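Only this structure's heavy atoms are used, side chains among them; waters, hydrogens and symmetry mates stay out. Note that the structure is predicted; figures quoted are calculated from it, not measured. Each chain gets a letter, A, B and so on, in the order its sequence line appears, and its residues count up from 1.
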Amino acid sequence: MSLEDELLKQRLERIREIEELGYRAYGRRYEFTHTIPEILAAYGAKTAEELTPETHVRIAGRVLTPRYMGKAGFAHVQQNGERLQIYVKKDAVGERDFRLFKMLDIGDILGVEGYLFRTRTGELSVHAEKLEFLSKTLLSMPEKWHGLADVETRYRQRYLDLIANPEVRKVFVTRARIIACLRRQLEARGFIEVETPMMQPLYGGATARPFITHHNTLDIDLYLRIAPELYLKRLVVGGLERVYEINRNFRNEGLSTQHNPEFTMLEFYQAYTDYRGLMDFSAELLAQVALDATGSTEVEYDTGKLDFGRLERYSMREAVVHFWEGEGCPTLDNVCDPEWLLRHSGKATAGEALTDIFERVVEHQLIQPTIIFDYPVETSPLSKNKPEDPAFVERFEIYAAGMEIGNAYTELNDPQEQRRRFEMQLAMRERGDEEAHQMDEDYIRALAYGMPPTGGEGIGIDRLAMILTGSRSIRDVILFPLLRPEGPIDLVRLMRELDRK
RNA sequence: GGGCCGGUAGCUCAGUAGGUAGAGCAUGUGCCUUUUAAGCACAGGGUCGCGGGUUCGAGCCCCGCCCGGCUCACCA
């Protein structure tokens, strides 16, 4: 008999014993007086003398590290990521509760009623007077000292990761705080939150390959959205002048430490501003988010200390000159010269060449939070041209720790120009560029009703969360990152067999 | 998709030169009424990722496959 069979059998037998003692193996409502973090906050600083049997509490949580010593014992109880010790003495809880206590397995969920005191070694503890059994664990918990280390298990069984590795919980709490902070700041500036379709008949707003799904009743294929952009701008046309959405995008492309097929994006649109306005706004947003998430605008990361208190700004051309490494550093005139650009890249157009050179030379060096602005028109079908330089558009991206975390532009609101841009993209598509933008005639129609001048921006929440939680992989900030299916688990068969007996 | 690394008990990991598969934690039994990685004694637990091959003999060598990590390419 394998250990797992044996363990399950033991645990099922134990359920019977627990029920024989008159407890429910899977309990019901338990009225606690404090959460464990509340107790630690309220009484953590109290001395033994200040704690009297009158400091009566009821707590609940998962049992960890029980230590039995004959007719008494200790255990830690964990709730919301924090632990409080309990002391269970036979004389204090009585025969029945003490038998229950000795039956506990690591991971069982328990309610404890008693008073707070300090042990001989000074640890704040609950002197138990009454126990309530709340839920049974049938499987054994990860090792108490090393936690759960196997990366694959951590991602597949995130609940175990959360139980065994307290810092994981902190990452996701911080992630939630980041999102809350962004919402708060946007709301404070009069933005309203909306939800736009995730299933779209046409996909757009970014360059990426989509996932395809099917609606049976309508018998149509739909795309999981690669971006909400075009819908959000329709709303700006409709008079929702400050609008945002925080939600998932889906891109059918490679996986890496910086890419998950579904990822969370904030997109916001503000009428009557432009990309310059958004640069200032972005600086405020990011500084506040860093402060809320980490307590400081200066954030430690693998790549060194990042200062979100100030965003450096370079045009793409300036950046190529500024960050050039080694021989042959170009001048600003060089990077404006199509011939020079085409000599330094295999791309077909000067704009694509500049982007190519930028990505090769500059991108990996953008460790400090930095805004790069003024992009070639070729790579930006939805942005407005610079009036004095129509080969470029009013667009910027925000980089930090060598990653792109934001993308913003003055929105193109001229429907004729938008039509021409889409047609340019269609031509690229016909030349085999699968990621080129589709023609979206309804979007053109919306613009034809007149969209106010507008600035729009997208911020990658996962990458921002990576930076602000010190995570090296995007999978560490996504609770359930996409993995290949794991194959047979074989627990159900076992449980079925044991159920018959 | 390419390259590199990994998969051994429920968990964390050892495994010499190819020679009967190990430790700690966890589990079971016993002792123990302020311990805290509790302690002490004894016990149970393994398709060594899967499938082939080489060999008298494979956890170890060879081939194929599966799963994961890192990395490169593409992308945000």
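Residue contacts shown for A:F117 include a base, since a base heavy atom lies under 4.0 Å away. Within the nucleic acid shown, A:G458 has no heavy atom closer than 4.0 Å to any nucleic acid atom. Contact annotation for A:K90: no contact, since no heavy-atom pair falls under 4.0 Å across all strands. Residue contacts shown for A:Y68 include a base, since a base heavy atom lies under 4.0 Å away. Backbone-only engagement by A:A149 is indicated by non-hydrogen atom pairs under 4.0 Å involving sugar-phosphate atoms exclusively. If you check every strand for non-hydrogen atoms under 4.0 Å, A:R154 touches nothing. Counting non-hydrogen atoms under 4.0 angstrom, A:R14 reaches the backbone sugars and phosphates but no base. Residue-level contact check: A:E123 touches the bases, meaning some heavy atom is under 4.0 Å from a base atom. If you check every strand for non-hydrogen atoms under 4.0 Å, A:L483 touches sugar and phosphate atoms only. Note on A:D150: only backbone sugar-phosphate atoms sit closer than 4.0 angstrom, heavy atoms only; bases stay farther off.
Between A:Y26 and A:F133, a ring centre-to-centre spacing not shorter than 6.0 Å is recorded. Checked against the 6.0 Å centroid criterion, the rings of A:H127 and A:F117 qualify as a close aromatic pair. You'll find the ring centres of A:F268 and A:Y244 outside the 6.0 Å limit.
In this structure, the NZ atom of A:K89 is 15 Å from the C1' atom of B:C32, given to the nearest Å. Rounded to whole Å, atom C1' of B:A73 lies 14 Å from atom CD of A:E363. In this structure, A:L7 atom CG and B:C25 atom C1' are separated by 14 Å, rounded to whole Å. At whole-Å resolution of the value, CZ in A:F250 and P in B:A76 are 17 Å apart. Taking atom CE of residue A:M103 and atom P of nucleotide B:G28, one finds them 11 Å apart after rounding to whole Å. The NE2 atom of A:H364 sits 11 Å away from the P atom of B:A73 (whole-angstrom rounding). For the pair A:H76 NE2 and B:U34 C1', the computed distance is 12 Å after rounding to whole Å. Rounded to whole angstrom, the span from the NZ atom of A:K144 across to the C1' atom of B:U35 amounts to 12 Å.
Using a 4.0 Å cut-off between a side-chain N of Lys or Arg and a carboxylate O of Asp or Glu, A:R360 and A:D356 qualify as a salt bridge. For the pair A:R175 and A:D462, the salt-bridge criterion is met [side-chain N within less than 4.0 Å of a carboxylate O]. Residues A:K9 and A:E6 are not paired through a salt bridge, judged by the lack of any N-O separation under 4.0 Å between the basic side chain and the carboxylate.
Around CZ of A:R156, the count of heavy atoms belonging to other residues, nucleotides or ligands within 6.0 Å exceeds 12.
As rounded to the nearest Å, B:G59 and B:G44 have C1' atoms that lie 23 Å from one another. For the P atoms, the distance from B:C31 to B:G69 is 48 Å, rounded to whole Å. Here the separation of B:C74 from B:C5, taken at their P atoms, is 24 Å to the nearest Å. Between the P atoms of B:G39 and B:U34, the separation comes to 16 Å (whole Å). To the nearest whole angstrom, the two P atoms, one in B:U55 and one in B:C60, are 16 Å apart. Comparing B:U29 with B:A21, their C1' atoms are spaced 26 Å from each other, to the whole Å. The gap from the P atom of B:C70 to that of B:A26 amounts to 31 Å, rounded to the nearest Å. A distance of about 29 Å separates the P atoms of B:C56 and B:G6, rounded to the whole Å.
For the pair A:N260 and A:L482, both in contact range of RNA chain B, the more 5′-proximal nearest nucleotide belongs to A:L482. If A:G147 and A:L104 are placed on RNA chain B by their nearest nucleotide, the residue sitting closer to the 5' end is A:G147.
Between A:F281 and A:F191, the ring planes lie parallel to each other; the angle is under 30°, not in the 30° to 60° tilted range.
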Are there any protein N/O atoms within less than 3.5 Å of an N/O atom in nucleotides 1-3 of chain B, and if so, which ones and at what distance?
none

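For the residue pair A:R421 and A:S380, no side-chain donor N or O sits within less than 3.5 Å of a side-chain acceptor on the partner. Defined by atom type and a distance below 3.5 Å, a donor-acceptor pair is present between the side-chain atoms of A:E312 and A:Y314. Neither side chain, A:Q78 nor A:R62, offers a donor N or O lying under 3.5 Å from an acceptor on the other. In summary, the side chains of A:E229 and A:Y231 do not present any donor paired with an acceptor at a separation below 3.5 Å, with no hydrogens or angles considered. Counting only N and O atoms by type, the side chains of A:Y275 and A:D374 include a donor and acceptor under 3.5 Å apart.
Inter-residue side-chain proximity for A:I461 and A:L182 is flagged as met; some heavy-atom pair is nearer than 4.5 Å.
At a cut-off of 3.5 angstrom, the base of B:U35 holds at least one donor-acceptor pair with the side chain of A:R67. Put simply, the side chain of A:T119 and the base of B:U35 share a donor and an acceptor less than 3.5 Å apart.
Across every non-hydrogen atom of A:K233 and A:Y409, the tightest pair is NZ-CE1, 4.5 Å.
Considering only side-chain atoms of A:M69, the nucleotide from B:U27, B:C11, B:U35 that sits closest is B:U35. Picking from B:G10, B:U34, B:C74 the nucleotide with the shortest atom distance to the side chain of A:Y87 gives B:U34. Here the nucleotide nearest the side chain of A:T207, chosen from B:U34, B:C11, B:A76, is B:A76. Considering only the side chain of A:R11, B:U27 comes nearest among B:U27, B:C11, B:G44. Which of B:G10, B:G28, B:C67 sits closest to the side chain of A:Q10 comes down to B:G28. Checked against B:U33, B:G10, B:C67, the side chain of A:R156 finds its nearest nucleotide in B:C67.
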Does the pair A:F250 and A:Y223 meet the rule for a ring pair (Phe, Tyr, Trp, His ring centres under 6.0 Å), with working shown?
CA-CA 9 Å; A:F250 306 87; A:Y223 301 102; over 10 Å; no
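Contacts of residues 462-477 of chain A with RNA chain B (heavy atom under 4.0 Å): A:R463, A:S473, A:R475.
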Base-pairing string, 5' to 3', of RNA chain B - Watson-Crick or wobble, under 3.5 Å, | interstrand:
(((((((..((((.....[..)))).(((((.......))))).....(((((..]....))))))))))))....
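Here A:F74 does not lie in a stacked arrangement on the base of B:A38, lacking the combination of planes under 30° and ring centres under 5.5 Å apart.
In this structure, A:T257 does not reach the B:G69 phosphate: none of its side-chain N or O atoms is under 4.0 Å from OP1 or OP2.
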